[in-house]
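Scroll down for the structure; my scribbles are underneath it.
Residue numbers begin at 1 in each chain, while the letters A, B, ... track the order of the sequences.
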There are 2 protein chains.
Amino acid sequence: MASDHTRSAILAAAERLYADRGFGDVTMRDIVAEANVNLAAVNYHFGSKDELIAELFVTRSIATNRERLHELKAAEEQGGGRAPIEVILRALVGPTLRGCLGPENQRSTAARFMIRASIESVPPIRRIKNREIDHLRKFVGAMRRSLPDRSDVDIYWGLNFALAMAHHTIRESERLTKLSEGKCDLDDVEDVVARVVSVATMALTAGRTETKAPSRLAAR
Amino acid sequence: MASDHTRSAILAAAERLYADRGFGDVTMRDIVAEANVNLAAVNYHFGSKDELIAELFVTRSIATNRERLHELKAAEEQGGGRAPIEVILRALVGPTLRGCLGPENQRSTAARFMIRASIESVPPIRRIKNREIDHLRKFVGAMRRSLPDRSDVDIYWGLNFALAMAHHTIRESERLTKLSEGKCDLDDVEDVVARVVSVATMALTAGRTETKAPSRLAAR
DNA sequence: TTGCAATTCAAACACTTGTATGAAACTATC
DNA sequence: GATAGTTTCATACAAGTGTTTGAATTGCAA
C-alpha cells in the first residue's frame, strides 16, 4: 500500500512510451526518466521489466475486452438474443478504432498500447495472448446466432477480415493518408468504422442473403 | 569480387533468421553462427548491421515489386489497357500470400522476410520504405482504369483493405487456425487468395455495379 | 520521540550488443 | 617463389542493457 504514486507513475510512463515507440527501443532508463523516478523503482515495484509489461497488457486487455463485450451484450439483449451482424462487428472493431484514430488529442494511450502489443510480439505478452482466443470465441458465438445459415468457416474468415481491416488501417494510417494525399480522412473515425463494418458485413453475407447488398450507410 | 561465398552465406542466413524470429531478437552473432562465418565478416562485407538489413530489404523489395507489376502488366495488356479488378487485386496480394502461406516446405524465405519488414519497423528499413508508396500508386492507376466510375477515395480504401486482409491473414495465420480449430485451411493458398480478392472486389464494387455481387468462386 | 518497516536512491554489477583492431591465412600476379 | 592485395580470424573495446546492492530517507505506529 502506502504511496502507490511511484507505481502508477511508472505504469503511465511505460504505457505512453511503449505506445509511441514500441517495445524494442524503450529502455527502463527511458521509462524512469519519463516517470521522474529512480531506476531501481521498476524492479522494486514490479520485479522485472517483463512483469511490468505483462501487468500493463493484462490490465488493458481486460478493459478492452470488457468494453467490447458490453457493446455486444447490449446489442444481443436488445435483439432478443440475436443482434444484427453489423452491430456485432461494430462492437468488435469500434472500440479499438475509436481509441487509436481520430484527432490527436483524443486518442487513448491504452488503445494505442494494445495495438503495439498486437504487432510487436514480445515474450511476456506472447505468453498471455492465448487467452484472447477465448474472448474472440464469444464473438464467433454471437455471429453464428446472427447468421445461422452461414458456415463456421465463413464466420471465422469474416471475423478475421474484420480484425484485419481495423488493425491494418490503424497501423498503416500514416501511409494511407500519404498515398491518398489526404483524401482518406482518418480523423473521421465513424466513417472508418462504417467502412470496415460494411465490408466485413458484405464478406459475411454475400452469396447467401442475395439482393440485400448492404450499403455502407446502412452500417452506421 | 573474388569469393562472394561468405557474402551470400551471410545474406541467406540473415534473411532466414530475420524471417523466422524478427529483427528484435536476432544478433550478429546469431547470423554469423548460422552462416558458419567469422563475426567480423559482416562488418567487412556490409559495413554495418543496418547496411546489411537495408541491402536485404532493397533487394527483396525490388524483386517482389517486379513480380507484382509483371502480373499486373500482363493483365492490362491482355485486356487492352483495362484489367478486371479481380485480376488486379490478385496481382497485388497473390505473390505475397503464395510466398508466405502453404505447406511449410514451399514457403519462400523472401516473402516471409518482407512481411517481417512490413511489421517490425526497424530504422534502416523505415528510411527506404517510402518508395513503396510509388509502387502502390501504379496499382491505384490500374484500379482507376478498371473502375472509372469509382471515386478515388473508394479506390484507396479498397486497396488498403486488400492489403490489410492479406497481411493480417499471414501474420495471424496461427491464431486463425487455432480459433477455427483447423477448419480454416491456410495451406490451401489459392482458396485464401480467392477469399481476399473476392471480399476486396466487393468492397470496391458494392453499391455501384449492383446485382452483380461477385461470388467467391468467380474470383478464382 | 523512538523504533521499524517501507521506500528511494546512487552506484555498481554482470551481461549482451555492434564494431574495431591487427595479425594470420589465402589468392593471384609478376 | 616472392610480393601485394584481399579476406579471414581471434580478440578486444566501448556503449548500452536489465538487475542487484546496501546505505539513506521517509512514513507511520507505539
What's the [atom1]-[atom2] distance between [X] and [N], to the nearest Å?
X	N	atom1	atom2	answer
Met28(A)	dA10(C)	CE	C1'	16 Å
Asp50(B)	dG18(C)	CG	C1'	10 Å
Asp4(A)	dT7(C)	CG	C1'	12 Å
Ile10(A)	dG18(D)	CD1	C1'	14 Å
Phe46(A)	dT7(C)	CZ	C1'	14 Å
Ile31(A)	dG18(D)	CD1	C1'	11 Å
Asn43(B)	dT19(C)	CG	C1'	5 Å

Compare the minimum distances between each of [options] and the side chain of [X], then state the nucleotide with the smallest one.
X	options	result
Leu39(A)	dT21(C), dT17(D), dT19(D)	dT19(D)
Ala40(A)	dT8(D), dG18(C), dT20(D)	dT20(D)
Thr27(B)	dG18(D), dT17(C), dT8(D)	dT17(C)
Tyr44(B)	dT21(D), dT8(D), dA12(C)	dT8(D)
Asn38(B)	dG18(C), dT8(D), dT8(C)	dT8(D)

So does [X] get a side-chain nitrogen or oxygen closer than 4.0 Å to the phosphate oxygens (OP1/OP2) of [N]?
X	N	answer
Ser48(A)	dG18(D)	no
His5(B)	dT8(D)	no
His45(A)	dA6(C)	no

Short side-chain to backbone donor-acceptor contact, [X] and [Y], under 3.5 Å:
X	Y	value
Ser146(A)	Met143(A)	no
Arg150(A)	Leu204(A)	yes
Arg116(B)	Asp20(B)	yes

Does either side chain, that of Arg126(A) or that of Ser121(A), offer a donor lying less than 3.5 Å from an acceptor on the other one?
yes
Just checking Lys183(B): does its NZ atom have more than 12 heavy atoms from other residues, nucleotides or ligands closer to it than 6.0 angstrom?
yes
Is it the case that the base of dG18(D) and the side chain of Arg29(A) share a donor-acceptor contact (distance under 3.5 Å, atom types as modelled)?
yes
